[in-house]
Amino acid sequence: MAKELQENVCDERMFSKIYNKYSKDLYSFLYYQYGDQFDPNDKMQDAFMKLLDNCKNVSPQNAKGFLYRVAKNMMLNAIKHNKVVLKHQQVKPKDYTNESPEFLMEQEQYLEKYKKALSKLTEDQRVAFLLNKVEGKKHAEIAEMLGVTQKAVENRIYKAYNKLKEELEGFK
Amino acid sequence: MEKEHLIKSWLLHELTTDQQEDFENLDDYQFHKRIVDTAQYFKAEHVNEISSYEDFMAYRNKKQSQKSSNWLRPVLKIAAVFVLMLGIASVYYTNFYGATTAIADRGEKNEVYLPDDSMVVVNALSEIAYNKNSWEEAREIELKGEAFFDVNKGSTFNVVTALGKVTVLGTEFNVKQRDNYFEIQCYEGLVQVTLPDNKIYKLPAGNSLRFMDNIVTQGTVKELGPSWMMHNLSKFKSVPYFVVLQEFERQYNTTFSLHHVDKNQLFTGGFINNNIEEGIKSITLPLELSYSISEDKKHIILSKR
């Protein structure tokens, strides 16, 4: 394997490039993983601080993997694994100008049930499902972020979906 | 195509145009579609308000100035660590000339990243050593004491202790080796343990193995990580009391004197690592022992009532 001229993560220009490239996705990941029991923005910055502290040992190609490892391990040092409940955005009346108040109320009930159902998923299932369906990340990329196989990601998405389906049966 | 299979393929985006048509013709098509569409409502909020790079640098500078305001303690810590290294190095690391080491002092935990991004959290009075330069060829790390490992996928990863060797391919596990006690808990992946008699055990996630006084005990693990790391709690299951006391001494930098206390009685329970009064209560009350903590908290006397 040829050794390329190593561009250093410690280099300010390289590091700021990496920060701008990955900060948004890392923030989203932290939010889906841990909810907002701790400020995801602070945790995201803590992860980048760890990267900067270890910049001598991490190549630019490995920076993303490093960041996600740190993010995954963050709460292992915290006091408790609190149940994660994600907030949902409000049903915006202007999206449904033709819909009746009854529909809006039904949608609100659906969202409440959905929120409960999401909190019943395991952390693994919830994160894989949301990264794929909300953030549009491909299975291969999610596998890379989480440090698991692509098959494992697909299984988690499928399990998550089935659990949601079960909880939402009443809305068929 | 069978319905369940069709739904799964749709969920994982593997439908052909024909299959897509079949899917849309299902009578509960809207039900399925709504589940996926509604996920959007749970998108991470404020993602456009996260810290910019400049904000981040300001945040970092603030955190760093908070750390360096206490300069006197680091000097004392280094003196202690240096002495500790000398003591252990002369006995132990003869194979590791020029080793990189990471140490946790009494009452400390130390989080370390290895050259391949694998992470190690070292518990109190424990030490790891490895060779940074040959890391790519052979990932081998010596451990004295206790540490949690989160190993990146890659070449074979070995943890060597005085009592047993652990081989992994990429996983999360906790290894504890103190005097005549060796215990490993596997939280994710698969590890292979080699004991001094060369017997080999394979431990999948959710399993533990203990080797004490030449006896092997296997058990299960439900947690995601060791309690000393996750909850600042040292937990024990049917271990001789002196094992508990030794860990207490490491966590609190204190020593015990015993009066009529049976060191070998088996103990199940735990103690918190950041409150000495609470901690000592939880390991004395169940055994009907009374305790007396010295003024400087460096010495505790235990006696049977």
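So you know, we letter chains A, B, ... as the sequences are listed, proteins then strands, and number each from 1.
Among B:D55, B:V36, B:L114, the residue with the largest count of heavy-atom pairs under 4.5 Å with chain A is B:V36. The candidate with the highest count of non-hydrogen atom pairs below 4.5 Å against chain A, out of B:H13, B:R60, B:E45, is B:R60. Of the listed residues (A:F171, A:F29, A:F66, A:Y110), the one with the most heavy-atom contacts under 4.5 Å to chain B is A:Y110. Put simply, of A:L164, A:L30, A:L52, the one with the most heavy-atom pairs under 4.5 Å next to chain B is A:L52. Contact count against chain A (heavy-atom pairs under 4.5 Å) is highest for B:R34 among B:M57, B:K8, B:R34.
Only the side chain of B:I7 comes within contact range of chain A, with at least one heavy atom under 4.5 Å from a heavy atom of that chain. Heavy atoms closer than 4.5 Å to chain B are found in both the backbone and the side chain of A:N62. Interface residue A:F48: backbone and side-chain heavy atoms are both found under 4.5 Å from chain B. With a 4.5 Å cut-off on non-hydrogen atoms, A:E12 touches chain B through its backbone and its side chain both.
Between A:K64 and A:E144 a salt bridge is recorded (basic side-chain N to carboxylate O distance below 4.0 Å). No salt bridge links A:E166 with A:K163; every basic N to acidic carboxylate O contact stays at or beyond 4.0 Å. No salt bridge links B:D22 with B:K3; every basic N to acidic carboxylate O contact stays at or beyond 4.0 Å.
Put simply, OG on B:S126 and CD1 on B:I103 are 10.0 Å apart, with the number rounded to the nearest 0.5 Å.
Between the side chain of B:R106 and the backbone N or O of B:A124, no donor-acceptor pair lies under 3.5 Å.
Taking the ring pair (Phe, Tyr, Trp, His ring centres under 6.0 Å) definition, one finds that A:Y31 meets it with nothing, sequence neighbours left out. For B:R250, the salt bridge (charged side-chain N to carboxylate O under 4.0 Å, His left out) partners at least two apart in sequence or on another chain are B:E247.
Within 6.0 Å of atom NZ in A:K172, more than 12 heavy atoms from other residues, nucleotides or ligands are found, so the atom counts as buried in its surroundings. For B:K43, the NZ atom is densely surrounded, since the number of other residues' heavy atoms within 6.0 Å is greater than 12.
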**OP:** Begin from the C-alpha positions of A:Q109 and A:Y114 and carry the test side-chain hydrogen bond (donor to acceptor under 3.5 Å, both in side chains) through to its verdict.
**Re:** CA-CA 8 Å; A:Q109 284 170 347; A:Y114 200 100; over 6 Å; no
**OP:** Given side-chain contact (heavy atoms from CB on, under 4.5 Å), test A:I157 with B:L11 step by step and report yes or no.
**Re:** CA-CA 8 Å; A:I157 294 174; B:L11 186 69; 4.0 Å; yes
Original post:
Yes or no on side-chain contact (heavy atoms from CB on, under 4.5 Å) for A:Y32 and A:F129, after CA distance, side-chain angles and deciding distance?
Top reply: CA-CA 10 Å; A:Y32 295 134; A:F129 183 78; over 6 Å; no
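Side-chain contact of A:Q45 with B:S51: a donor-acceptor pair under 3.5 Å is present, judged by distance alone.
Across B:L15 and B:Q19, no two heavy atoms sit closer than the pair CA-OE1, 3.4 Å.
Chain B is approached within less than 4.5 Å, heavy atom to heavy atom, by A:Y19, A:N20, A:S23, A:K24 from residues 17-25 of chain A, ordered by number. Annotation: residues 130-142 of chain A contacts chain B through A:L130, A:N132, A:K133, A:V134, A:E135, A:H139 [non-hydrogen atoms, separation under 4.5 Å].
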